[in-house]
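First the proteins, then the strands, lettered A, B, ... as listed; each starts at 1.
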Amino acid sequence: MATYSTNEFRSGLKVMLEGDPCSILDNEFVKPGKGQAFNRVKLRNLKTGRVWERTFKSGESLEGADVMDTEMEYLYNDGEFYHFMEPDTFDQHQADAATVGDAAQWLKEQDMATVTLYNGAPLAVAPANFVELEIVETDPGLKGDTAQGGTKPAKLSTGAVVKVPLFLSEGEVVRVDTRTGEYQNRVKS
Amino acid sequence: MSQSDWQPTAALSALRARAELLATVREFFKQRGVLEVETPLLASAPVTDPAIEAFSLAHAERYLQTSPEYAMKRLLAAGSGPIYQLCKAFRQGESGRRHNPEFSMLEWYRPGFSLDDLMAEVGELLCAVLGERPVQRYDFAALFEREFALDLFAVEATELGALAEQRHGIPAASLDRDEAINLLFSHDIEPKLGRGEYSLVCNFPPSQAALAKRGRDAQGREVAVRFEAFVEGIELANGYDELLDASELKSRFESDLKLRQERGQVCPPMDEKLLAAMAHGLPACAGVAMGFDRLLMLQLGAENLAEVLAFPTARA
């Protein structure tokens with residue numbers, strides 16, 4: 001794996017720090033009026049999700065991490081593992097519940113998701129920014145009540161619960177922003 | 001290249017403010033009888049300072065200047081009297097929120113001024129450009145003592161290294177005395193300076209004299225007779241009671257180059273023309289360099305240099 005010098009640190013670069021793969025969030029160049037420069041770096045530990053702040057002497061380097069974001073199709077959950085497939089190669093990967101984390105509530109079979117591979121194995125899973133899911137449980141819809149204002153909780157086919165407008169009913173499909181968990185619009189089927 | 005890469009990062013209003021500030025600064029110096037000069041951006045010898053790396057134009061045997069200091073001192077030696085320059089300076093590898101490898105510098109020299117006189121003038125310029133604030137002076141060692149309860153003149157390098165490691169996680173073994181001082185100063189002290197005031201820090205450790213005289217502080221301890229100005233935690237200017245002794249300058253050049261060689265850095269030629277000018281005689285003077293882009297950034301309350309540069313290096 002290549003090594004990267006502090007002046008190559010960019011937001012999004014994946015490097016190894018203390019044995020864990022990290023993603024660089026921010027790199028601030030600090031230089032006293034005379035003398036050695038430093039880089040104050042913020043990194044997200046991709047294993048724990050924790051944000052670290054570290055200072056390096058400018059010119060020091062870190063080993064790159066073999067971390068790759070890959071678009072994959074979500075296949076199914078066998079009760080223990082979530083299975084994904086790379087659409088080009090048909091290579092399959094399995095991820096446990098801890099790896100999938102909160103993404104699980106948005107994963108619908110055959111939808112695409114971003115799987116972060118570390119040394120070839122899934123490290124994290126992110127759903128698409130927008131997903132379209134069917135309402136499986138909600139209070140009866142109030143026909144014609146398209147006025148703004150009121151919302152009610154609705155359970156979606158993947159288990160997520162989102163707030164939807166009052167006029168929607170079970171069986172309808174809605175579009176949701178997975179980053180905020182907010183309802184966007186009704187999808188005509 | 002992304003779709004928006006052709007566009008400036010600075011708002012047009014910031015570019016107008018830049019033009020306005022250039023005019024303000026020129027008027028400030030005109031009122032005081034300081035002459036505006038231009039010196040080459042393509043220099044035959046760059047600074048020797050191991051912490052500053054010049055861009056080299058190998059085939060032309062020229063370097064993009066990292067500061068106009070050497071050439072301006074040759075003008076002073078030739079009898080120019082007080083001079084200032086607004087120009088571009090270039091430093092390799094310096095890029096970030098407050099750095100761009102190509103930046104605008106305001107540098108001026110005052111024959112007959114003491115460092116105190118020059119610090120007063122810097123305070124006046126800051127008040128004129130950024131608004132009235134008290135100008136507060138500090139001794140470098142006093143700030144260190146206040147922050148860490150350490151006597152900088154007595155403390156061992158190992159103790160400084162241990163403190164730097166404990167606070168910032170860089171192994172003490174990889175830091176020499178000055179590096180440890182710089183790490184602690186830039187991370188723990190600088191961010192607190194220039195809040196509600198203009199902070200001028202003087203009497204630096206003698207090992208950090210660069211091209212400033214060494215002298216004695218009020219307690220008779222050896223210090224570098226230089227200062228730095230801080231506004232909102234940002235280092236804005238760096239001023240010296242200028243070294244006049246040509247042979248002392250030559251020996252500082254030589255020790256810089258020796259350090260460069262040990263570290264495997266580029267070893268550029270010494271500026272023989274500056275040495276000759278100093279041997280001829282540099283009038284006693286004080287000089288200061290101020291980051292013009294940072295000054296504009298502070299005037300506009302911007303957080304990032306990109307907000308005041310039409311095209312920072314990523315879009316150059």
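In B:E254, the CD atom is crowded: over 12 heavy atoms of neighbouring residues, nucleotides or ligands sit closer than 6.0 Å. Other residues, nucleotides and ligands place more than 12 heavy atoms under 6.0 Å from the CD atom of A:E18. Annotation: B:E262, atom CD; neighbour count of heavy atoms from other residues, nucleotides and ligands within 6.0 Å is above 12. A:D91 CG: more than 12 foreign heavy atoms inside a 6.0 Å radius.
Summarising the geometry of B:N182 relative to A:Q36, their closest heavy-atom pair is ND2-N, 4.0 Å, with the distance given to 0.1 Å. Contact between A:K31 and B:A51 at its shortest, heavy atoms only, is NZ-O, 3.1 Å.
The CZ atom of B:R97 sits 9.0 Å away from the CG atom of A:N27 when rounded to the nearest 0.5 Å.
Qualifying side chain to side chain donor-acceptor pair (under 3.5 Å) partners for A:R10, counting only residues two or more places apart in sequence or in other chains: none.
Contacts from residues 37-64 of chain A to chain B, taken as heavy-atom pairs separated by less than 4.5 Å, involve A:F38, A:R40, A:T55, A:F56, A:K57 in sequence order.
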Determine whether A:F29 and B:E94 satisfy the following criterion, side chain to side chain contact (heavy atoms under 4.5 Å, CB included), listing intermediate values before the conclusion.
CA-CA 7 Å; A:F29 184 75; B:E94 303 195 1; 3.8 Å; yes

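There is no contact between B:I181 and chain A, counting heavy-atom distances below 4.5 Å.
Among residue pairs with one or both ends in residues 102-121 of chain A, none qualify as ring pair (Phe, Tyr, Trp, His ring centres under 6.0 Å); sequence neighbours excluded. Identified under the salt bridge (charged side-chain N to carboxylate O under 4.0 Å, His left out) test for residues 161-178 of chain B, with sequence neighbours left out: B:R167-B:D188.
Considering B:E235, B:H187, B:E190 as possible partners of A:V30, the one that fulfils the side chain to side chain contact (heavy atoms under 4.5 Å, CB included) test is B:H187.
Contact check for A:N7 versus B:Q92: no side-chain heavy atoms found under the 4.5 Å cut-off.
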